[in-house]
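Fair warning: this is a prediction, and the values are worked out from it, not measured in the lab. Residue indices begin at 1 and follow the sequence shown.
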Amino acid sequence: MSASDLQLLLASCLFFAVFGSVRGANGTVPLVLWHGMGDSCCNPLSMGAVKKMVEIKIPGIYVLSLEIGKTVVEDTENGFFMNVNDQVSLVCDTLARDPQLKEGYNAMGFSQGGQFLRAVAQRCPSPPMRNLISIGGQHQGVYGLPHCPGQSSHICDWIRKMLNSGAYTGMVQNHLVQAQYWHDPLNEELYRNHSLFLADINQERVLNESYKKNLQALRSFVMVKFLRDSMVEPIDSEWFGFYKPGQAKETETLQESALYKEDRLGLQALDKAGKLVFLSSDGDHLQFTDAWFNTNILPYLH
């Protein structure tokens, strides 16, 4: 074997080690989906349609749409009432057991599924998440719930009542999903001390170096903001922004926040490395066209 042949062989091996190991036998990267509030893994009008669309656009791809529970009904209910930390642990176990994902996968979360999958990236680095795509995820939480799926139902009325009466009480935190990413800018200390989920994954109490290290291992962290979103308050949370501390009128961008400036989560480092991607869609919550999806999201799934 000549020196040039040896160099070519070594280069081929290196390419396979870096790129080939994350792809399936058919050359595709598996995709994991996590639905939003009031939805389920397999709704043919939402997650089922997204799964089918991706499978058509990327033939042979393995798509896992997460079902939190044993039935679609349980899955929907758990999106309102199951402790988020328990949900994340369940998903981490599910992903670790799936042989199709062992070499790595891309992840795409819708609405609250966006921040839940970020928790998976931070807490469970094996199997490795490659690209994280958050479609309308509320990464700094919400302060307000203008409407939710099934707006006139007793569930939504009860959620609003619980959030208004005491989002940070033990009972509400443990049993209401939306309270676990409720972020009250007028009571930051109360939020930091009693938020079971969001304050932890956003490094608000103690610095967990593994969270930072694991998130920085992503190739891309893509965040989509819906410019006419009537559900998320503030909309800026979809790009990791939020209200300026101590009030609920003026907002600040991620880059203006202490979280970014102190780089507690590694987002500044990700940004400087070109791994943070900020996309927008000119529509209401989770409303986008196939053409927009094909242009903006599909490239991150190959």
Side-chain angles (χ1 to χ4, degrees), residues 12-35 41 47 50-51 53-66 87-137 139 201 208-224 238-240 265-279 293-302:
S12 299
C13 291
L14 179 62
F15 179 86
F16 178 79
V18 175
F19 298 103
S21 62
V22 305
R23 296 185 177 275
N26 58 5
T28 62
V29 180
L31 174 64
V32 173
L33 305 175
W34 198 334
H35 62 78
C41 63
M47 301 310 297
V50 171
K51 182 176 184 290
M53 177 172 61
V54 172
E55 290 171 339
I56 291 173
K57 295 294 181 180
I58 309 177
I61 189 174
Y62 173 67
V63 181
L64 173 63
S65 186
L66 293 167
Q87 292 191 51
V88 171
S89 294
L90 176 66
V91 167
C92 287
D93 184 62
T94 298
L95 302 186
R97 290 169 176 264
D98 193 328
Q100 301 255 32
L101 306 176
K102 64 181 181 180
E103 302 297 342
Y105 64 97
N106 292 321
M108 183 159 58
F110 293 79
S111 195
Q112 67 184 25
Q115 61 260 33
F116 297 173
L117 278 172
R118 175 164 64 84
V120 172
Q122 292 174 206
R123 293 175 177 175
C124 308
S126 181
M129 185 186 295
R130 302 303 176 182
N131 294 307
L132 171 58
I133 304 164
S134 170
I135 311 288
H139 292 281
I201 66 165
N208 186 327
E209 288 293 344
S210 67
Y211 283 7
K212 187 174 180 179
K213 177 183 177 182
N214 294 338
L215 195 64
Q216 287 181 298
L218 290 171
R219 294 181 177 177
S220 297
F221 178 9
V222 181
M223 289 175 275
V224 177
E238 297 175 5
W239 275 0
F240 235 119
L265 202 50
L267 294 171
Q268 182 185 137
L270 282 169
D271 197 14
K272 290 181 177 179
K275 292 183 177 183
L276 285 189
V277 181
F278 300 91
L279 301 177
F293 184 90
N294 294 340
T295 299
N296 293 281
I297 302 301
L298 204 60
Y300 294 97
L301 305 183
H302 286 286

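Counting heavy atoms from C-beta on, the side chains of L218 and K275 never come closer than 4.5 Å. Between F116 and L66 there is no side-chain heavy-atom pair separated by less than 4.5 Å. Counting heavy atoms from C-beta on, the side chains of H35 and F110 never come closer than 4.5 Å. Residues R123 and N214 fail the side-chain proximity criterion, which asks for heavy atoms closer than 4.5 Å. Contact check for I201 versus L265: no side-chain heavy atoms found under the 4.5 Å cut-off. Side-chain contact check for L33 versus V54: every heavy-atom pair is 4.5 Å or farther apart. Inter-residue side-chain proximity for V32 and M129 is flagged as unmet; no heavy-atom pair is nearer than 4.5 Å. Side-chain contact between V224 and E238: absent, with no pair of heavy atoms (C-beta onward) separated by less than 4.5 Å.
Atom CD1 of residue I135 and atom CD1 of residue I297 lie 4.0 Å apart, to the nearest 0.5 angstrom. Rounded to the nearest 0.5 angstrom, F240 CZ and F278 CZ are separated by 9.5 Å. Atom CZ of residue R130 and atom CD of residue E103 lie 8.5 Å apart, to the nearest 0.5 angstrom. The CD atom of Q115 sits 11.0 Å away from atom CD of Q122, with the distance rounded to the nearest 0.5 Å. Here the straight-line distance linking atom CG of N294 with atom CG of N296 works out to 9.5 Å at 0.5 Å rounding. Summarising the geometry, atom CD belonging to Q112 is positioned 8.5 Å from atom CH2 belonging to W34; distances are rounded to the nearest 0.5 Å.
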Subject >> Residue pair V120, L132: steps toward the side chain to side chain contact (heavy atoms under 4.5 Å, CB included) verdict >> reply: CA-CA 10 Å; V120 172; L132 171 58; over 6 Å; no
**OP:** Would you sort out whether L64 and Y105 count as a side chain to side chain contact (heavy atoms under 4.5 Å, CB included), showing the intermediate values?
**Re:** CA-CA 10 Å; L64 173 63; Y105 64 97; over 6 Å; no
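Remark: side-chain polar atoms of W239 are paired, donor with acceptor, to backbone N or O of L279 under 3.5 angstrom. At distances below 3.5 Å, at least one donor-acceptor pair connects side-chain atoms of S65 with backbone N or O atoms of C41. At distances below 3.5 Å, not a single donor-acceptor pair connects side-chain atoms of Q216 with backbone N or O atoms of A269.
The shortest non-hydrogen separation linking A96 to S126 is CB-O, 4.4 Å. P30 and I61 make their closest contact through CA-CG1, 4.5 Å (heavy atoms, listed as atom of the first residue, atom of the second, distance). Closest approach of S134 to G114, counting heavy atoms only: OG-CA, 3.9 Å.
When each of I133, T28, N131, V29 is paired with L301, the side chain to side chain contact (heavy atoms under 4.5 Å, CB included) condition holds for I133 and for no other.
Using a 30° and 60° split on the angle between ring planes, H139 and F221 fall in the perpendicular class, above 60°.
Residue pairs meeting the salt bridge (charged side-chain N to carboxylate O under 4.0 Å, His left out) criterion with at least one member in residues 90-99, sequence neighbours excluded: D93-R97.
For K212, the salt bridge (charged side-chain N to carboxylate O under 4.0 Å, His left out) test picks out no residue, with sequence neighbours left out.
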